[in-house]
Amino acid sequence: MTTTLSSSATALDQHRERNTDQEVLETLRKRIADAGVEYLYYQSVTVTGRVVGKVVPAEQLTRNAEKGVQMHRTVMADFQVTRDGTLLGGGVEAAEFTAVPDLDTFAVLPWDPSVGRFFCRLYEPDHRPEIGGRPLATDPRGNLRRLHAAFTERTGLELRSGCEPEMTWTGPGLEVHARPDSSPAYRLDLLERSRPIYQKVISYARAMGFSMIEGDYEDPGQVELNWMFDHADLTADRLITYRQICRQVARELGVTASFMPKPATGMMGNGCHHNISLWRGDENVFAEPGRRELHLTELGRHALGGILTHAAASMAVMGPTVNSYKRYWDSGQFAPAQINWGMDNKTCTVRLSANGRLEVKLPDAMVNPYLSHAVLIAAMADGLENRIDPGEPQQGSSYDTQSRFTKLPLNLGEALELFVADDVIRDALGAETVELYHAYKSDEWARFCGYVTDWEHMMYKEDTP
Ligand SMILES: NC(=O)CC[C@H](N)C(=O)O
């Protein structure tokens with residue numbers, strides 16, 4: 001059942017050569033000068049989805065476009081030292097890597113136009129000839145691009161995706177007294193209180209090239225703003241940028257922007273549903289042109305079958321934190337709890353939300369979008385190749401504990417065991433990334449398992465056995 005999509009030498013990896021194209025560089029230098037940009041961030045994204053990078057004075061562009069900037073590879077696991085004292089990602093002795101800017105990703109920071117930024121593609125260092133110039137195996141962004149290109153090369157299909165990040169804003173003036181018997185969702189007077197937030201976020205996002213489409217207020221403090229779907233590689237970059245924008249807006253307004261998946265029991269979690277479709281050129285192959293009633297093509301059913309087959313093993317990516325699992329298990333809050341699908345059914349893992357669109361509801365707002373989209377591509381490729389049948393759609397709510405559908409893993413620990421055992425996912429992300437992610441997250445899980453919580457105090461402090 002293993003589908004090999006890895007491709008080491010796609011055109012995308014020749015991007016370093018393009019960075020020496022004098023015409024391209026001249027156009028960019030002019031753009032940078034016209035915008036008054038003096039500093040450039042060379043940013044990368046770690047396996048856990050954090051943004052790291054260096055600042056470079058803009059006049060160094062030509063040099064750095066070719067040579068990149070260097071960082072220590074343990075940065076890809078956030079310099080995490082595990083409980084047994086291991087520095088993840090190769091230890092102090094490990095080689096550096098080279099971050100080479102993707103020139104197409106240049107953007108000016110709207111909140112300070114003297115600063116511009118690039119996303120980078122990561123490579124083994126040139127001064128280590130035995131490995132030099134190869135893509136860095138633990139670069140999740142570079143990996144998604146290579147994997148996606150290989151998938152398109154093989155199937156003629158492209159993944160388009162639209163992410164719906166939910167998040168919680170707290171701070172002065174944002175307190176909400178919610179009635180216990182109803183939800184404040186869609187209340188305009190609450191959205192009004194968040195006006196300075198959404199106005200700034202939308203205007204910064206627009207300035208950075210997003211096509212913003214709509215937004216709403218959901219549970220207390222929870223605001224969701226959406227932008228237009230696109231090629232999955234671009235959507236993943238935008239989700240990272242969106243979080244950076246929100247953090248900036250929080251700093252400016254003196255409030256807190258939280259992507260924590262489940263901030264409070266009994267309230268909705270912060271999901272980040274991925275609305276996906278596969279395209280052949282301009283044709284969405286999940287729908288039949290002109291057919292109006294809700295339906296999914298045979299190809300779409302196989303893609304869905306692949307997603308459901310690998311859903312449990314993908315959970316360590318889709319719900320990447322200890323806290324993520326509270327979102328699935330505090331039932332009845334529109335988050336999935338079973339591995340199933342349904343026609344316009346918001347309680348399922350995958351909802352056919354419109355013709356040509358599958359809404360994958362597992363991911364939460366802390367997801368690393370490069371990993372999640374890579375996993376979805378590999379799962380769908382497996383579904384297509386092996387013509388996996390997704391079974392019958394769920395009728396009615398999934399929050400019925402008697403459901404015949406398979407349950408999702410209960411916690412991060414269980415999810416990690418399934419994650420490392422799935423060959424399709426291992427092949428998609430690469431063994432090194434799987435091992436690094438697994439080591440990092442297992443350490444997070446172990447720390448939590450040894451941590452005494454308020455809940456235990458509430459239950460046991462004054463209890464008599
Ligand atoms: N609008 C919705 O469907 C709510 C989704 C829900 N907040 C989740 O955790 O996924």
Side-chain angles (χ1 to χ4, degrees), residues 49 161-170 176 178 182-188 190-191 194 198 213-227 229 235 239 242-243 246 257-276 294 307-308 311-312 314-354 357-369 372 376 393-394 396-399 405 407-412 415:
S161 169
C163 286
E164 299 179 287
E166 295 167 332
M167 54 184 299
T168 306
W169 297 82
T170 48
V176 178
S182 65
S183 157
Y186 303 107
R187 289 262 301 272
L188 268 191
L190 297 174
L191 187 62
S194 315
Y198 75 70
I213 47 178
E214 61 181 43
D216 60 33
Y217 190 93
E218 301 205 351
D219 252 12
Q222 197 181 47
V223 176
E224 175 184 331
L225 301 173
N226 301 136
W227 61 92
F229 74 100
T235 293
L239 182 62
Y242 181 77
R243 290 181 187 145
C246 290
S258 174
F259 297 95
M260 185 174 173
K262 183 73 177 181
T265 313
M267 274 170 42
M268 281 206 276
N270 287 317
C272 183
H273 307 167
H274 291 12
N275 294 279
I276 58 168
L294 202 54
I307 293 171
L308 295 177
S314 77
M315 286 288 282
V317 165
M318 304 303 187
T321 69
V322 169
N323 177 254
S324 300
Y325 295 79
K326 317 272 157 87
R327 174 174 162 252
Y328 310 114
W329 294 112
D330 184 21
S331 185
Q333 305 287 335
F334 294 103
Q338 310 276 338
I339 299 175
N340 58 5
W341 74 284
M343 308 284 260
D344 198 13
N345 185 335
K346 288 191 173 207
T347 68
C348 294
T349 277
V350 183
R351 165 184 173 225
L352 180 64
S353 54
R357 188 172 71 208
L358 290 174
E359 182 181 31
V360 182
K361 289 171 62 81
L362 292 178
D364 66 44
M366 299 271 287
V367 72
N368 177 337
S372 59
L376 287 172
Q394 161 87 20
S397 170
S398 311
Y399 303 138
F405 293 100
K407 272 207 186 321
L408 294 166
L410 274 167
N411 56 47
L412 185 59

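One-based numbering, in listed order, for ligands and for the atoms of each.
- In this structure, Gln333 has a heavy atom closer than 4.0 Å to ligand 1.
- The side-chain contact (heavy atoms from CB on, under 4.5 Å) with Ile307 is formed by just one residue from the set Ile339, Val350, Thr349; it is Val350.
- Counting protein heavy atoms only, atom 1 (N) of ligand 1 is closest to Glu218 OE1, 3.5 Å.
- In this structure, Pro261 and Asn323 have side chains that are in contact, with non-hydrogen atoms separated by less than 4.5 Å.
- For the pair Asn270 and ligand 1, the shortest N or O to N or O distance does not fall below 3.5 Å.
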Open item on the list: The test is side-chain contact (heavy atoms from CB on, under 4.5 Å); show your working for Val367 and Ser372 and say whether it passes.
Closed with: CA-CA 7 Å; Val367 72; Ser372 59; 3.7 Å; yes
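- Although no hydrogens or angles enter the test, the distance criterion places no donor-acceptor pair under 3.5 Å between the side chain of Asp364 and the main chain of Gly271.
- For atom 2 (C) of ligand 1, the closest non-hydrogen atom on the protein side is Glu166 OE2, 4.0 Å.
- Across the listed options Arg351, His273, Lys361, His273 owns the non-hydrogen atom lying nearest to atom 10 (O) of ligand 1.
- The heavy atom nearest to atom 8 (C) of ligand 1, considering only Met267, Gln222, Arg327, Met268, is found in Arg327.
- Ligand 1 does not have Glu164 within reach: every non-hydrogen atom of the residue lies 4.0 Å or more from it.
- Nearest heavy atom pair, residue Gln222 against residue Asn270, reads NE2-OD1, 2.7 Å.
- Between Gly269 and ligand 1, a contact under 3.5 Å exists for at least one N or O pair.
- A donor-acceptor distance shorter than 3.5 angstrom exists from the side chain of Ser398 to the backbone of Thr347, with no hydrogens or angles considered.
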